[in-house]
Each structure stands twice: as C-alpha cells, then as structure tokens.
Amino acid sequence: MAGFSLSDNELACDGVPLSAIAESAGTPTYVYSAATLRARYRAIDDAFAGYPHRLHYALKANSAFALVRLLGKAGSAVDANSIWEIELARRAGFDPADIVFTGVGKSDEELECAVPLGLRAINVESAGELARVEAIATRRGVAARVAIRINPDIDARSHPHISTGLRINKFGVPVDAAREMAVSIANRPSLRLVAIHVHVGSQITTLEPLRRAAAFLAGTARELAGSGIQLEYLDAGGGLGVAYDDAPTVAPEEYVRALVSEIRPTGLPIVVEPGRSIVGPAAVLLARVVDLKPRDAGSTFAVLDAGMTELLRPALYNAFHRIEPVKPRAAANHLYELVGPVCESSDVVGRDRSLPALEQGDLVAIRDAGAYGSAMASNYNRRPLPAEVLVDEGGWRVIRRRQTVDDMLALESD
Ligand code: LLP
C-alpha cells in the first residue's frame, strides 16, 4: 500500500526507511510519497466515472515544483491564487487554458499580466474587480473569460479561519448581486461569462455543506439559463477534508457522487479545485528531538527541530497532526508536549501526546503535513526553509534543498 507505514519496526515511505532519508538529507525535512499523490488524484478523478469534469489542483496547498509537475503528468489542471502561482504553473508546463485564477484581491499588476494570457477563467470576486478586468480586456482588444465567485452564505462547519462561504466572510459576490452581474456581462463585449464558482471552506468533514454548495450552483445555473445565459461549466471549489485524526470524514467517492448527482440535471461539466485532499496525506514532516525537559509531574516537553516555522497549522488553527516516532521503542508510553524551537509559546506541534518513550536524537514523523505545510513555512527566527524529498518508484530525491543563510541574504543589502 502506498504511503507511510511501519516496516521492520521502522516508519518507511513507500518502502524507503525515513531514517535513511534523515541521515542523508538532515532534518527538518518534508517527505512526499509520489504513489500517494497519484493515488489520491486518481481517486477523485476516477470517481466522476465518465461525467465531464476537470480537477484544477489548488496550488496554494503546495506548489513545490516537482509535485506540480507530477500532478500535471497525472492529468491535473490547476487553480492559481496569484500571478506568481500562474507563472510557476506555466513553467511547470501548464497551458493558460489549464489554469483558473482565483482569490480575493488580485492587484492591477496581476490582472494586467493575467488577462491577455487567455486563462480558462478569472474567477472574479467583486464588481470592482470585474470592472478592472473589463478595462484591461477592452484596452487590449480581447474578451476575458470570467467566472463569478458567488458567496452562497453556506456554513462549511469547519474552523472559522478556513470557512469562506458565509456572508460575513470576505469572499465572493452576494447572491443577488451575482445574478445582476451575470446579466450585465452579456452586454459587455470584453467579458465572457463561462462559469459560476463557489468555495465554502476547507477541511470540510461532512457531506452536507459540499452538497448544498453543488445544489446552489446547479440551481443558479438553471436560473441563469432561464434568462438566456448559458455557462460552460460549474466550479465547485475545493474543501474536501482529510482524516487528521480518527473522526469521520467524507470519502472522495461520496463527495464526487454528491456533486454529480446535484449537477447532472444541468448537463454542465464540473470543475473542482481540490488541494488538501490530494496532497495532505502524501507527506510527513520529519523532525528530530533536540531536547527533553520535564514539564510537570506527568509529562515531558519534547523539543523538536521543527515547529511553527515549518508547519504553522497547529499554532495558527490549533490543528491536530498525528505524531509518531520513526523507530518506536518497546517501552511504556509516556505523555509528551511536542514543541518547536521558535520563541513563541504557541509553537506547539502536538499537545498531550502519549507516545513510546523518546530520547534526545530520536526521529519523529508529523503526519498528513503535505497541504499548507511547506506552503506556509517562514523564516521567522531566521530559520531556513526545510528540505523536501520525493519518494518515487523505490528511490528518493531532494526536490528542494534546505535554504541557507546565503540564500536569505541574497535578497538583502546593508
Ligand atoms: N479553491 C479556493 C478558491 C480556495 O480558497 C481553496 C483554499 C481551495 C480551492 C483549496 O481548498 P482545499 O481543497 O485545500 O480545502 N491554510 C489552511 C487552509 C486554507 C484554505 C484556503 N483556500 C489550512 O492549513 O487548513
């Protein structure tokens, strides 16, 4: 089975012992399983079972060049959230027609570059943004393909920081304004409305909000068709959650079945923008215990060489990631507070974890770290961005070398 599992009492990635990778690449290091990435891409893609669709992998989850290339070869298109993600995707071989440009706050400079490219769609977030796209397209004598991101006022019931579909969130155009916008686009020659788009949140672990969002898209498409507005496709965004802990989640097949059953009556192709559900479980963050110190009578601090600079999610969202010793000792479990090396009390990677006894120098694997892990890493405390390794077909290679102080200072002058 692809992924991370114990082999000879040692955690391995697709058969490659993580200790061998740490030995050579050092720590902290992200380790990705190519087989898992491909399998997770295919699970969503296959679930459409012939219904017209396209996966636009959300680059924001992880845009490591090698991973983006790999997903491109697997057949993926992309969702880019900035002109820089668009540029990266193009360098990775994606055609403009394989790229949707999402995101609130696209600057004039970004739109000036994006409009002439002929992207699959610019997913506009407001009337102001639409007017800016139109002005650029008019000046350049092109018709810009746009999708309206609608805020459907649906509660994704995920963490408040990553819920996006409520009226109080900054994202999208309110429903009534979106209808008027769609009608107005028909009379604006520099704009072509190709789709409507919703994305109600991330790490969604129940089917209901995802189904409601799809039903909303289908209902709105029908209404627009009634006003003579024919769309090319419907963009249901991303958001499918993954199993960080033992709580139930939605299987890709169940998710896709719900999307297709809601949207099939419109006959329109479906675009989805999955990020986390493809890349999240495909990586661990490999770290070393640099120190152990007593915390209270019952527990010990295990200070790791990875923390909020490498994986911000626990500090930012109180997110849970399983943590396992790479070579679990046959010893009684003990309670650990696993913390990072950064000068912040919030730099906790795992709270109150019961683990087989750890010793200084041990390796641990922080699981399901592929999405919004390396992508959100920082240089706080002048910590270098970690190395990244891809395990593929029995071998492994460094896909991003560890950053150095020279790399950081290359951008600076006195
Ligand atoms: N499409 C749009 C318009 C989005 O805003 C996002 C994510 C996605 C697709 C991909 O969603 P996914 O399938 O990955 O749930 N940093 C947070 C997650 C932020 C998500 C932002 N938008 C975290 O670490 O949980």
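As the structure lists them, so they are numbered: ligands from 1, and atoms in each ligand from 1.
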Can you name the atoms of ligand 1, numbered from 1 with element, that are less than 4.0 Å from a heavy atom of [X]?
X    : value
R149 : 3 (C)
Y317 : 16 (N), 17 (C), 23 (C), 24 (O), 25 (O)
M376 : 16 (N)
P274 : 13 (O)
E273 : 1 (N), 2 (C), 3 (C), 8 (C), 9 (C), 10 (C), 13 (O)
G275 : 12 (P), 13 (O), 14 (O)

### Query
Should the proximity of D79 to ligand 1, defined as any heavy atom under 4.0 Å, be assigned to the side chain, the backbone, both, or neither?
side chain

### Task
Just let me know how R313 lines up against ligand 1, side chain, backbone, both or neither, with a heavy-atom cut-off below 4.0 Å.
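Side chain only.
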
### Partner of E273 by side chain to side chain donor-acceptor pair (under 3.5 Å), out of H56, K60, H197
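The single option meeting the side chain to side chain donor-acceptor pair (under 3.5 Å) with E273 is H197.
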
### Query
Is there side-chain contact between N62 and Y57, with heavy atoms separated by less than 4.5 Å?
yes

### Query
Do I204 and Y255 come close enough that some side-chain heavy atom pair is under 4.5 Å?
no

### Query
Would one find more than 12 heavy atoms of other residues, nucleotides or ligands at under 6.0 Å from atom CZ of R139?
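More than 12 heavy atoms, drawn from other residues, nucleotides or ligands, come within 6.0 Å of this atom.
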
### Query
Salt-bridged, D176 to R179, with N to O below 4.0 Å?
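Salt bridge between D176 and R179, a charged N being under 4.0 Å from a carboxylate O: yes.
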
### Task
Determine, for K106 against E125, whether the closest basic-nitrogen to carboxylate-oxygen distance falls under 4.0 angstrom.
no

### Message
So for ligand 1, is T102 a polar contact partner (N or O within less than 3.5 Å, distance only)?
### Response
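No: no nitrogen or oxygen of T102 is under 3.5 Å from one in ligand 1.
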
### Query
Going by heavy atoms, is G239 under 4.0 Å from ligand 1?
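Yes, G239 has heavy atoms under 4.0 Å from ligand 1.
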
### Ring-face cation of R353 near Y336 (centre distance under 6.0 Å, axis angle within 45°)
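Judged by the rule, R353 and Y336 form no cation-pi pair.
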
